[in-house]
Amino acid sequence: MVFSFSFRVSCFIIIISLYLKSLYLKSLYLTIVGNFGEKMADTIHWADVIAEETLQKSSKHLVATGITPSGHIHIGNMREVVTADAAYRSLLDKGAEAELIYIADTYDPLRKVYPFLPESYAEHVGKPLSEVPCPCGDCANYAEHFLKPFLAALQRLGITPKVYKADEMYKEGLYIEAIKTALLKRDEIAKILEEVSGKTVVEDWSPFNPICNECGKLTMTKVTGFDVDAETVDYSCSCGHAGTVSMKGGGKLTWRVDWPARWGILGVSIEPFGKDHASSGGSYATGTRIVEEIYEHQPPSPIVYEWIMLGKKGAMSSSTGVVVSISDMLEVVPPEVLRYLIIRTKPEKHIQFDPGQPLLSLVDEYERLRTKFQEEDPSLGDFDKRIYELSRATGICQSEIPFKQMVTISQVARGDFEQILKIVKRSGFETENEMSIRELAENVSKWLDLYAPPFAKFSVKENVPLQVATLSDLQKAFLGALADIIEASGELTGENYHLLVYSAKEAGSELNGRIAASLGIEPEALEVNPKDLFKAIYTAILGQGSGPKAGWFLSSFEKEFLVERFREAAVYQS
RNA sequence: GGGCCCGUAGCUUAGUCAGGCAGAGCGACGGACUCUUAAUCCGUAGGCCGGGGGUUCAAAUCCCUUCGGGCCCGCCA
């Protein structure tokens, strides 16, 4: 095909001009929208993004979380609840009508004898957790045993959901209609499960698991019939027994049906869940179809979250025993810091949790943020402000003393609380709220015991440490002179101590003169490096060459102790 | 076999949906405050945005592919 030359030229011109035009339009667009966009570029917190999205669907929301209390509820589980709470708070902040609920799956069967259980629990495997005896004997049942400390921890985290217990919901009959529907539409449900999960559903499968009247287990029964009017289900159990149970508390829907049924019964509109449920063919996928097609309700907006990894040991999991329970953690770190850990990370990212030194940095970072927020520091961006707001555990009064500083105070005081209070006061902190100080002190001492890395630890030696033998004559002379001056002075502040030490290198200062005299040389001949002086101080008190910031470290001690210790060190003979 | 999430400075990460100069915090380094090693303030360095290819005037961002990490598809958040 041959086009005339002029046709080709005009085509070319048209194409070029269109191209140039698009370039022009784009740059024009950028000058207008680009600048506008810059002002809008502030990062929005993930919880607000979620709230914004769900608000477009409806203005009324039920945020649900649910955990099976089959073992110690750990920080990994906590992510679910804090995530839900963040979304919930954000919804409230945006003026939505919202409620936060927590569903404890107390009617799930005990899967196996976990490592922390005695062998005798073998006979309870297969029974609902609410019907298994409590391991310690003090709680109403097995589920309660793990639930109680968890709910207490939630309280401390400032999370106060309405609590539902699955066993009570079943026993009160809330599930009856859902059970009837599931039994009647058994084939449809089975079809969905096969289509979505790709698994074959066995011939005698039922969405409902009756609890055997004889052995009390719900994992070994088969449904043999049911009566919708009488609201009963017939079954046979592999224990040999056969019988009839009520739909009111006589059994439980299988998990993949229970979950969507619950969405419908309670009207759940947002729910975070672990990524295990999220993959295609997983329980969220089947649940979505079941709730839409069987229960005629919309599935909740999902918030899929990643696992929390413990140090280098891998994912936190009750079954592998890699677990730090929330209550354990709350003994070590203030609740708001735990919230902060979760709030600052997007749900789909793993969290590396290490209770050792990294925890110290985490606390530090949080405290820095808190201070900036309280002082209305202009360098604090909206995004960080939002993180702080969402990390706050309302109704909790926390000490203003930095965790790191308490690490030192606590060790100087050798854990004695009266002593700690004195030092706190001397360091210029408020001591009015003794409770909050005590709480922090307890956190810190637990942390030192369990997780602190060696470099953070020191111990004030009972007697002059052997290492003093390594000190030079100059260092010893300095300690002796320092003791004299401290003894003659009144109460000294951290700053005073600091300046005092530095005065050693100034010709004409009292300390400088005393050192020279003690060494029997002229002050002009005295050469002092402050580094050596600090080293002498740490050696005399701790037996090591370094320690916490010297000024306020010294001011933490009783004067008498310092005078005596430095004198002894000054005349120490190995 | 099929699917999901993550990979950006030494570390923790924002930015990815909607393509438009890759930003912070910590740490490190340098300096200041008569002020040390873990206070404060100021400053500096540090990046083939995991790799490769493609689309585009323009890619961390979209598409394909590949590697690494973590998971799921059995009723374990």
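What's counted below: heavy atoms across the whole structure, side chains too, no hydrogens, waters or symmetry copies.
Taking a 6.0 Å sphere around NZ of Lys191(A), one finds it holds 12 or fewer heavy atoms contributed by other residues, nucleotides or ligands. Counted within 6.0 Å of NZ on Lys275(A), heavy atoms from surrounding residues, nucleotides or ligands total more than 12; the atom is thus considered enclosed.
The OH atom of Tyr295(A) lies 12.0 Å from the CH2 atom of Trp263(A); values are rounded to the nearest 0.5 Å.
Across A14(B) and C73(B), the matching C1' atoms stand 33 Å from one another, rounded to whole Å. When the C1' atom is used for both G68(B) and U8(B), the distance is 15 Å, rounded to whole Å. Across A24(B) and U34(B), the matching C1' atoms stand 35 Å from one another, rounded to whole Å. Comparing C67(B) with G51(B), their C1' atoms sit 7 Å apart, to the nearest whole Å. Separation of the C1' atoms belonging to A18(B) and U13(B) is 22 Å when rounded to the nearest angstrom. Between the C1' atoms of C49(B) and A9(B), the separation comes to 10 Å (whole Å). A60(B) and C6(B) have their C1' atoms separated by 14 Å, with the value rounded to a whole Å. Rounded to a whole angstrom, the distance from the C1' atom of G20(B) to that of A28(B) is 33 Å.
The aromatic rings of Phe553(A) and Tyr538(A) are tilted relative to each other, their planes meeting at an angle between 30° and 60°. Between Phe403(A) and Trp447(A), the ring planes are perpendicular. Angles over 60° get that label, and only those under 30° would be called parallel. Between His45(A) and Phe383(A), the angle of the ring planes lies from 30° to 60°, which puts this pair in the tilted group.
If you measure from atom CZ of Arg256(A) to atom C1' of G74(B), you get 9 Å, rounded to the nearest angstrom. Taking atom CH2 on Trp255(A) and atom P on C73(B), their separation rounds to 13 Å, with Å as the unit. Rounded to a whole Å, the CD1 atom of Ile303(A) is 16 Å from the C1' atom of C5(B). Between the CD atom of Glu195(A) and the P atom of G2(B) there is a distance of 21 Å, rounded to whole Å. Nucleotide A14(B) holds its P atom 10 Å from the CZ atom of Arg344(A), rounded to whole Å. Atom P of nucleotide U37(B) and atom CZ of Phe553(A) are separated by 16 Å, given to the nearest angstrom. Between the NE2 atom of His350(A) and the C1' atom of G68(B) there is a distance of 11 Å, given to the nearest Å. Put simply, CD on Glu348(A) is 16 Å from C1' on G69(B), counting in whole angstrom units.
The shortest non-hydrogen separation linking Leu147(A) to Pro69(A) is CD1-CB, 4.1 Å.
Of the listed nucleotides (U37(B), C75(B), G70(B)), G70(B) has the atom at the smallest distance from the side chain of Trp307(A).
Residues Phe534(A) and Asp364(A) both approach RNA chain B. Their nearest nucleotides, taken by heavy-atom distance, put Asp364(A) toward the 5′ side.
In the interface, the side chain of Thr254(A) is paired with the base of C75(B) through a donor and an acceptor atom under 3.5 Å apart.
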Q: Assess whether ring-ring contact (aromatic ring centres under 6.0 Å, His included) is satisfied between His72(A) and Phe116(A), documenting all intermediate values.
A: CA-CA 10 Å; His72(A) 289 106; Phe116(A) 53 84; 5.6 Å; yes
Q: Would you check, one step at a time, whether the test ring-ring contact (aromatic ring centres under 6.0 Å, His included) holds for Tyr142(A) with His145(A)?
A: CA-CA 5 Å; Tyr142(A) 185 96; His145(A) 176 79; 7.4 Å; no
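When ring centroids are compared, Tyr107(A) and Trp255(A) stay outside the 6.0 Å threshold.
With both pairing distances under 3.5 Å, U56(B) is matched to nothing as a Watson-Crick or G-U wobble pair. The nucleotide C4(B) finds its pairing partner in G70(B), both defining distances of the Watson-Crick or G-U wobble pair being shorter than 3.5 Å. Shown here, G43(B) forms a base pair with C29(B); the pair counts as Watson-Crick or G-U wobble because both key distances fall under 3.5 Å. The nucleotide A24(B) finds its pairing partner in U12(B), both defining distances of the Watson-Crick or G-U wobble pair being shorter than 3.5 Å.
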Return the polar atom pairs (N/O with N/O) between nucleotides 15-18 of chain B and the protein under 3.5 Å, or none.
from	atom 1	to	atom 2	distance (Å)
G15(B)	OP2	Lys346(A)	NZ	2.7

Show each protein N/O and nucleotides 38-43 of chain B N/O combination with a separation under 3.5 Å, one pair to a line.
from	atom 1	to	atom 2	distance (Å)
A38(B)	N6	Phe455(A)	O	3.1
A39(B)	N7	Lys549(A)	NZ	3.0

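At least one side-chain heavy atom of Phe150(A) sits under 4.5 Å from a side-chain heavy atom of Val81(A).
Asp108(A) comes within 4.0 angstrom of no nucleic acid atom, judged by non-hydrogen atoms across all strands. Residue Phe383(A) is out of contact with every strand shown, counting any heavy-atom pair closer than 4.0 Å.
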